[in-house]
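Have a look at the structure below, then the notes.
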Amino acid sequence: MAKSRRASPLFLMLFALPFLGVGIFMGTLALRTINRAHFIQQWPEVPAAILEADLIESHGDSTTYRVTARFTYVINGTTYESFKVGLSTGSDNIGSWHQDRHAELQRALSGQRELTCRVNPADPADAVLFPELRTGLLLFHGLFVLVFGGAGAGMLYAGLRGRRARQAAAAAPEDQPWLIRADWAAGVIRSSSRVQALFFVGFAVFWNLMTWPFLVMSGGEIMQRGGVALIFLLFPVIGIGLAVWAGRAAWIAVRYGRAFFQMASVPGVLGGRLAGVVQLPRAAYPEDGYLVTISCERTEQSGDSTRTVAVWKDERRLDPQVLPVVDAGQALPVLFALPYALPASETREGGGDIDWRLRVQGRQPGVDVDLTFEVPVFRTGASRAGFVLDEKPIAAFEQA
């Protein structure tokens, strides 16, 4: 197999760590803020006398704000002074929290309203004027967790898989590249449905855990503000869609995740055939039959975008009524001629990977059959440019 000029798996894993670190840091910061806000709500509330208040503006690529104040309060006859306005002390331009709090402080300074502060009973010198959670800031942190944490976790996973693949490739003979994978070498290939289901479920759970708590805590405020703030309502809607998608993938995995493709010979031969049996763990009888497809796909990269292009494909439709039933499951025969001139399975230099995929689909009430198997296809000593497939073994199982 051709050597790749792509970043090494180790480099990819090291590159993933800063992204993952940012996601973990922002997630930890958000959780600590939520926990502190809940904790402070248990503190006693006492009158506060505002002595000073200011709104500091910082100008750069954008204008940020930070509200400051100095206030006093009395606990057990002792007067204390504090400068803590809110849960966070930094500058930002997320929403109008700083401007709104500054306006309240100005009204308190002019005697138009009274303010209270929350005081730590274990340390009376610790007091906060406005300990409420800031919805916009928490959502901003959540976006960092989703984008940076998700990207870091994905790159780390890809790096680990790439490292294992390289180790296997180094041990495989050059004239038998299909031995880089244990399932290819054994000729028993499991469906990818379980891996896909785990990914979709994990991502859906992660997304919804990040978005729904924020919606519960701040949905009313978002609706009250309206305008651009309503964009944040899209995140839980997306979460619902992800949950539905993940549920479908999980259902397919539960019912058919133990399916496997037993190859008649390894590998599939360009200028020859791909043959074997797909064993389903339970029988199904889709009205339109089973659609069995073999496809050669190329992964193309253009800048940061990646797309999959079908180079070639062939298909057969099998009649479920005549398929053999084995241990409550079904055996689906597979037989395709593979054109000699097509590219073999490989990872190409600079991108353009070639993958051969066998897919079994069947539409039925409840959950559809939808399984994919990544199969090894190579040019071998048995390859023939003028190969002609004998269709007789498969003809009896095809749907008219």
Side-chain angles (χ1 to χ4, degrees), residues 1-5 165-166 168-192 259-279 289-301 307-319 323 331-361 371-399:
M1 298 180 69
K3 293 182 179 180
S4 173
R5 291 197 299 262
R166 286 198 171 194
E174 290 188 7
D175 60 341
Q176 294 179 298
W178 52 90
L179 297 182
I180 65 171
R181 283 177 45 170
D183 58 342
W184 283 6
V188 179
I189 303 169
R190 297 286 176 181
S191 163
S192 60
F260 61 89
F261 175 44
Q262 174 73 63
M263 300 184 69
S265 58
V266 180
V269 178
L270 292 170
R273 67 176 192 167
L274 174 72
V277 175
V278 171
Q279 181 65 55
Y290 286 108
L291 180 64
V292 182
T293 306
I294 181 68
S295 62
C296 175
E297 301 174 357
R298 177 186 290 113
T299 301
E300 296 181 348
Q301 290 182 313
R307 65 170 186 162
T308 300
V309 178
V311 178
W312 173 87
K313 74 173 183 178
D314 194 7
E315 62 185 39
R316 295 186 187 276
R317 194 170 291 276
L318 304 182
D319 186 349
L323 296 176
L332 281 64
V334 173
L335 184 63
F336 289 100
L338 306 180
Y340 180 85
L342 290 176
S345 305
E346 66 175 329
T347 300
R348 293 186 169 182
E349 293 186 1
D353 294 0
I354 298 296
D355 295 299
W356 282 83
R357 292 187 171 92
L358 178 69
R359 188 175 183 184
V360 177
Q361 297 169 278
L371 304 170
T372 302
F373 308 86
E374 188 175 346
V375 297
V377 173
F378 294 89
R379 192 168 288 107
T380 71
S383 298
R384 298 290 182 270
F387 174 78
V388 177
L389 180 68
D390 180 5
E391 302 275 353
K392 292 178 182 178
I394 195 71
F397 300 100
E398 289 191 279
Q399 194 169 50

Sorted by chain and number, sequence neighbours left out, side chain to side chain donor-acceptor pair (under 3.5 Å) with R379 holds for none

In short, A185 meets L179 closest at the heavy-atom pair CB-CD2, 3.5 Å

*Check: V278 and F373 side chains under 4.5 Å, non-hydrogen atoms*: yes

Does the plane of the ring in F378 sit parallel, tilted or perpendicular to the ring in W184? Use 30° and 60° as the thresholds.
perpendicular

Rounded to the nearest 0.5 Å, the CG atom of L332 sits from the CD1 atom of I394 at a distance of 9.0 Å

Contacts of A310 meeting side-chain contact (heavy atoms from CB on, under 4.5 Å) (sequence neighbours excluded), chain-then-number -> none

Taken in chain and number order and not counting sequence neighbours, the residues that satisfy side chain to side chain donor-acceptor pair (under 3.5 Å) with Q262 are none

R273 meets the salt bridge (Lys or Arg N to Asp or Glu O under 4.0 Å) criterion, sequence neighbours left out, with none

* Could you tell me whether R316 and E391 have a side-chain N and a carboxylate O separated by less than 4.0 Å? => yes

Salt bridge (Lys or Arg N to Asp or Glu O under 4.0 Å) filter on R317, not counting sequence neighbours, yields none

By side chain to side chain donor-acceptor pair (under 3.5 Å), D183 pairs with (sequence neighbours left out) R181

Test your reading of the model: is there a side-chain donor-acceptor pair from S383 to the backbone of L270, 3.5 Å cut-off? yes

Across all chains, not counting sequence neighbours, the side-chain contact (heavy atoms from CB on, under 4.5 Å) partners of V388 are none

Heavy-atom nearest pair, C296 first then P343, reads SG-CG, 4.0 Å

Sequence neighbours excluded, the answer for salt bridge (Lys or Arg N to Asp or Glu O under 4.0 Å) partners of E315 is none

Those residues at least two apart in sequence (or on a different chain) that pass side chain to side chain donor-acceptor pair (under 3.5 Å) with E297 are S295, R357

